[in-house]
Undergrad: 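Have a look at this one.
Each chain gets a letter, A, B and so on, in the order the sequences are listed, and its residues count up from 1.
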2 protein chains.
Amino acid sequence: MGRARTTGETKGAFGGARVSRQRRAIASAAARFGSAFTVERLHAAVTDAGEPAGLATVYRAVTALVDAGSLVGIGTRDGSALYAWCGRDDHHHHFVCTRCGAVRGIECPLGESALGAVRGEGYTVTGHDVTLYGLCPDCRHARDGATP
Amino acid sequence: MGRARTTGETKGAFGGARVSRQRRAIASAAARFGSAFTVERLHAAVTDAGEPAGLATVYRAVTALVDAGSLVGIGTRDGSALYAWCGRDDHHHHFVCTRCGAVRGIECPLGESALGAVRGEGYTVTGHDVTLYGLCPDCRHARDGATP
DNA sequence: GCCCTTCCTGATAATGGTTCTCACATGGCG
DNA sequence: CGCCATGTGAGAACCATTATCAGGAAGGGC
Ligand SMILES: [Mn+2]
Ligand SMILES: [Mn+2]
Ligand SMILES: [Zn+2]
Ligand SMILES: [Zn+2]
């Protein structure tokens, strides 16, 4: 156990939810993206792969994949929610390239020193979001070359 | 300089943007909230204060206040964007109470150890989001009492 | 394999937060 | 004072997401 979701195998990608031909194609297409994507783009990818699925079905599959932890929401862009396939099931966060959408897992930077401060004042911390933004190596070089 | 935005004074709350009677009332009402609020709620607060303003005007004022750094977006709730008045202009993040919406500033937990890891692999980090969620002291006690 | 119940599918309509339109008012500077 | 860029407001438009609802399929039990 621990890597069932890495390749998009539908073994446990949907958790306990029911698996259909459409959901298999959707999970497979999502796992093939190497970067963040919108539901609309995922729908197009599934259709292009020759496994048509309704847009509403893709929306519902995405919700199921997020619930199962196979997919993570990575903010929004131009009013559309962005998602990325998540191959790890340990606690971590993500770096997102603002140019190409590439996603990379990062270790959680929150230690006792950060949480202890607010906890000491009577707060209970139940969750947190951490996301880094910037340029991936490829896009950094592309930008350098484009600015002579 | 440094604390013009803490009380909702319209001095620099809108940065270089123009200030009107409506925007004064909107900034004042926003600064009075001790917790996160939606645009709809802010609109209601301004109207209740006897300084009516159109909903579109409130949306535009919120955008201007965010651009000026007086207001910060704190995720979404039930499909509506949440905002909170920000009294500090140094770099920091926020803790949000998931029960009452109370917001509290926290120090940035990202040090060189966290950023250096991805930077060493060729990534350029240009920004980041950090938000803690949980219960404020008041709500923690309220919940304890409600679960006998 | 067969049944049965629960869950998924899909074309479409509906929802609703946010943005746009455009004529009018007003802020702020010279 | 004027001038003009900018803000205002009521309503329409936008559009990502969700609800509908009849039909189909997944999958546990036998
Ligand atoms: Mn991940
Ligand atoms: Mn703040
Ligand atoms: Zn990139
Ligand atoms: Zn609270």
Side-chain angles (χ1 to χ4, degrees), chain A residues 9-30 36-68 70-83 101, chain B residues 9-30 36-68 70-83 101:
Chain A
E9 301 160 24
T10 33
K11 288 301 179 190
F14 284 96
R18 206 167 279 183
V19 178
S20 64
R21 174 182 61 78
Q22 293 92 331
R23 288 195 165 188
R24 254 184 293 272
I26 291 167
S28 175
F37 53 86
T38 65
V39 173
E40 186 182 3
R41 240 176 249 289
L42 179 58
H43 176 237
V46 170
T47 300
D48 291 350
E51 293 285 343
L55 181 56
T57 297
V58 179
Y59 268 101
R60 284 180 295 233
V62 165
T63 299
L65 288 168
V66 169
D67 289 346
S70 304
L71 225 50
V72 276
I74 303 283
T76 69
R77 187 174 163 186
D78 297 326
S80 297
L82 289 177
Y83 297 92
Chain B
E9 302 160 21
T10 35
K11 289 302 179 188
F14 285 94
R18 202 167 283 181
V19 178
S20 63
R21 175 182 62 78
Q22 293 90 333
R23 289 195 164 186
R24 253 184 293 274
I26 291 166
S28 174
F37 54 86
T38 65
V39 174
E40 186 182 3
R41 239 176 251 289
L42 179 57
H43 177 236
V46 171
T47 301
D48 292 349
E51 292 285 343
L55 181 57
T57 297
V58 179
Y59 268 101
R60 284 181 293 233
V62 164
T63 299
L65 288 169
V66 168
D67 289 346
S70 305
L71 225 50
V72 274
I74 303 284
T76 69
R77 186 174 162 186
D78 297 326
S80 297
L82 288 178
Y83 297 92

Undergrad: So, does S20(B) get its side chain near the phosphate of dT6(D), meaning an N or O under 4.0 Å from OP1 or OP2?
TA: no

Undergrad: Within this structure, what is the CZ-to-C1' distance between R23(B) and dT26(C), rounded to whole angstrom?
TA: 12 Å

Undergrad: In whole Å, what is the span from the CZ atom of R60(B) to the C1' atom of dT19(C)?
TA: 9 Å

Undergrad: Which one, dA11(C), dT18(C), dT17(D), comes nearest to the side chain of L55(B)?
TA: dT18(C)

Undergrad: Taking atom P of dT17(D) as reference, at what distance in whole Å does atom CD of E40(A) sit?
TA: 9 Å

Undergrad: Say you draw a straight line from CZ of F37(B) to OG of S80(B); how long is it, rounded to the nearest 0.5 Å?
TA: 13.0 Å

Undergrad: With DNA chain C as reference, determine whether A17(B) or A53(A) sits nearer its 5' end, using the nearest nucleotide of each.
TA: A53(A)

Undergrad: Just how far, in rounded Å, is C1' of dT18(C) from NE2 of H43(B)?
TA: 14 Å

Undergrad: Ignoring hydrogens and angles, answer whether the base of dA25(D) and the side-chain atoms of R21(A) contain a donor-acceptor pair closer than 3.5 Å.
TA: no

Undergrad: By nearest atom, which of the nucleotides dG27(D), dC8(C), dG28(C) is closest to the V19(A) side chain?
TA: dG27(D)

Undergrad: Rounded to whole angstroms, how far apart are CG on L65(A) and C1' on dC8(C)?
TA: 14 Å

Undergrad: What's the spacing between T57(B) OG1 and R23(B) CZ if we round to 0.5 Å?
TA: 8.5 Å

Undergrad: Output the single nucleotide from dA19(D), dT19(C), dA16(D) whose closest atom is nearest the side chain of Y59(B).
TA: dT19(C)

Undergrad: Say you draw a straight line from CD1 of I26(A) to CZ of R21(A); how long is it, rounded to the nearest 0.5 Å?
TA: 9.5 Å

Undergrad: In this structure, how many angstroms lie between the C1' atom of dT9(C) and the CZ atom of R24(A), rounded?
TA: 14 Å

Undergrad: Let's see if you can work this out: which of dG9(D), dG10(C), dG28(C) has an atom nearest to the side-chain heavy atoms of T57(B)?
TA: dG9(D)

Undergrad: Roughly how many Å is it from CG in L82(A) to P in dA16(D), rounded to a whole number?
TA: 12 Å

Undergrad: Would you kindly compare A81(B) and P52(A) by the position of their nearest DNA chain C nucleotide and give the one closer to the 5′ end?
TA: P52(A)

Undergrad: Working to the nearest 0.5 Å, report the span between CG of D78(A) and OG1 of T76(A).
TA: 8.5 Å

Undergrad: Where the side chain of Q22(A) is defined as all heavy atoms beyond and including C-beta, which of dT8(D), dC8(C), dG10(C) is the nearest nucleotide?
TA: dG10(C)

Undergrad: Tell me the interatomic distance from R18(B), atom CZ, to dA5(D), atom C1', rounded to whole angstroms.
TA: 5 Å

Undergrad: Going from CG on L71(A) to CG on L42(A), what distance comes out if it is rounded to the nearest 0.5 angstrom?
TA: 7.5 Å

